[in-house]
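Contents: one structure, followed by commentary.
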Amino acid sequence: MSSLLREEMQRVLFRPAKQRLVEFIEIEEPSTGRHFLCVSVGKNKEVQLCIVRCQISLPNSKSGSKKSHTKRSSIQDCYRRTEVWSLQDLILIDGRDPDVDDPCFLLHFDKVRTVTATSCSAKYSIVRALGALSDQHYQRSLNLRNFDLAYIKPTSFYSNRGDCVVLSQICFYAFNLVCLSMCPVPLDA
């Protein structure tokens with residue numbers, strides 16, 4: 001489902017603007033429709049973040065012509081960028097509390113924008129993508145606060161391959177704890 005959504009947004013919204021959609025997550029917003037935080041790269045290598053709203057409107061039955069509202073035009077009408085920022089203008093990303101499973105985070109530009117992802121893994125996924133793009137295109141690290149950096153920055157043993165690597169790292173630590181708990185402890189002092 002997400003790959004179809006990516007292809008649709010790329011075709012309808014980003015390709016005409018000569019941009020490539022790199023990463024997106026679904027977010028919760030107070031207005032109706034589905035909302036996404038998208039990260040794209042333009043031909044000039046500028047990295048942009050934008051909020052995309054997708055609201056499918058039903059065709060008007062009073063238009064007289066059934067052909068006037070095609071499937072393609074309804075998809076194009078569905079996606080709208082409601083806010084756009086440059087990654088260069090991003091001052092700080094605040095995860096709020098690294099010890100709590102909270103999908104909410106704050107993007108600090110000239111103003112602070114609160115974003116609520118649909119899950120914590122989505123929050124960390126978008127922050128990893130932004131960090132990699134900032135390193136690649138602007139040769140600077142993102143200013144991050146209140147994140148568990150073990151889930152964002154790869155260590156020498158692990159590479160930045162996303163949530164599967166994080167899960168395998170957690171399993172590795174859990175296995176080590178189980179092994180250590182089964183070791184006999186000498187009672188003579």
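When a residue number appears, it is its place in the shown sequence, counting from 1. Quick caveat, the model's predicted, so the values are computed rather than measured.
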Heavy atoms, side chains only, cut-off 4.5 Å: are Arg15 and Leu21 in contact?
no
Hydrophobic cluster identity match, Val127 and Val100, side-chain contacts under 4.5 Å
no
To the closest 0.5 Å, what do you measure between CG (Leu90) and CG (Asp110)?
11.0 Å
Does Gln10 reach the main-chain N or O of Gln19 with its side chain, forming a donor-acceptor pair under 3.5 Å?
yes
When you compare the side chain of Leu87 with that of Leu142, does any pair of heavy atoms fall below 4.5 Å?
yes
Would you indicate whether the side-chain heavy atoms of Leu106 and Ile93 approach each other to under 4.5 Å?
no
Heavy-atom distance under 4.5 Å between the side chains of Arg6 and Phe14, does that happen here?
no
Could you check whether Lys123 pairs with Glu28 (Lys NZ or Arg NE/NH1/NH2 to Asp/Glu carboxylate O, under 4.0 Å)?
no
Any Val47 side-chain heavy atom under 4.5 Å of Val22 side chain
no
So which heavy atom on Leu5 is nearest to which on Arg34, and how close?
CD2-NH2, 4.1 Å
Judged by atom type as modelled, is there a donor-acceptor pair below 3.5 Å linking the side chain of Tyr79 to the main-chain atoms of Glu8?
no
About how many Å separate NE2 of His108 and CG of Leu92, when rounded to the nearest 0.5 Å?
4.5 Å
Considering only heavy atoms from C-beta outward, does the side chain of Val52 approach that of Phe24 to under 4.5 Å?
no
For a 4.5 angstrom cut-off between non-hydrogen side-chain atoms, does Cys104 reach Thr114?
yes
For a 4.5 angstrom cut-off between non-hydrogen side-chain atoms, does Ile126 reach Ile25?
yes
Same cluster (ILVMFWY, side-chain, under 4.5 Å), Phe175 and Ile170:
no
All ring-ring contact (aromatic ring centres under 6.0 Å, His included) counterparts of Tyr138, not counting sequence neighbours
none
Between Glu26 and Phe36, the two heavy atoms sitting closest are CA-CD2, 3.7 Å
At their closest point, which heavy atom of Ala122 faces which heavy atom of Ala117, and how far apart are they?
CB-CB, 4.1 Å
What is the minimum heavy-atom distance between Asp135 and Ser141, and which atoms define it?
OD1-CA, 3.6 Å
At what distance, to the nearest 0.5 angstrom, does CD of Glu46 lie from OG of Ser40?
8.5 Å
Check the SG atoms of Cys78 against those of Cys54: under 2.5 Å or not?
yes
Determine the interplanar angle of the Trp85 and Phe109 rings, folded into 0 to 90°, and report it as parallel if under 30°, tilted if 30 to 60°, perpendicular if over 60°.
parallel
Does Leu37 belong to the same Ile/Leu/Val/Met/Phe/Trp/Tyr cluster as Val112, with side-chain heavy atoms less than 4.5 Å apart forming each link?
no
Verify, without hydrogens or angle tests, whether Lys45 (side chain) and His137 (backbone) share a donor-acceptor contact under 3.5 angstrom.
no
Report the distance from atom OG1 of Thr82 to atom NE2 of His35, rounding to the nearest 0.5 Å.
6.0 Å
With clusters defined by side-chain heavy atoms of hydrophobic residues (ILVMFWY) lying less than 4.5 Å apart, directly or transitively, does Leu149 cluster with Leu130?
yes
Give the intermediate values and the outcome of salt bridge (Lys or Arg N to Asp or Glu O under 4.0 Å) for residues Glu29 and Arg113.
CA-CA 12 Å; Glu29 292 284 297; Arg113 176 58 156 92; 2.9 Å; yes
Here the pair of heavy atoms bringing Val12 nearest to Pro16 is O-CG, 3.5 Å
Rounded to the nearest 0.5 Å, how far apart are CG of Leu13 and SG of Cys38?
7.5 Å
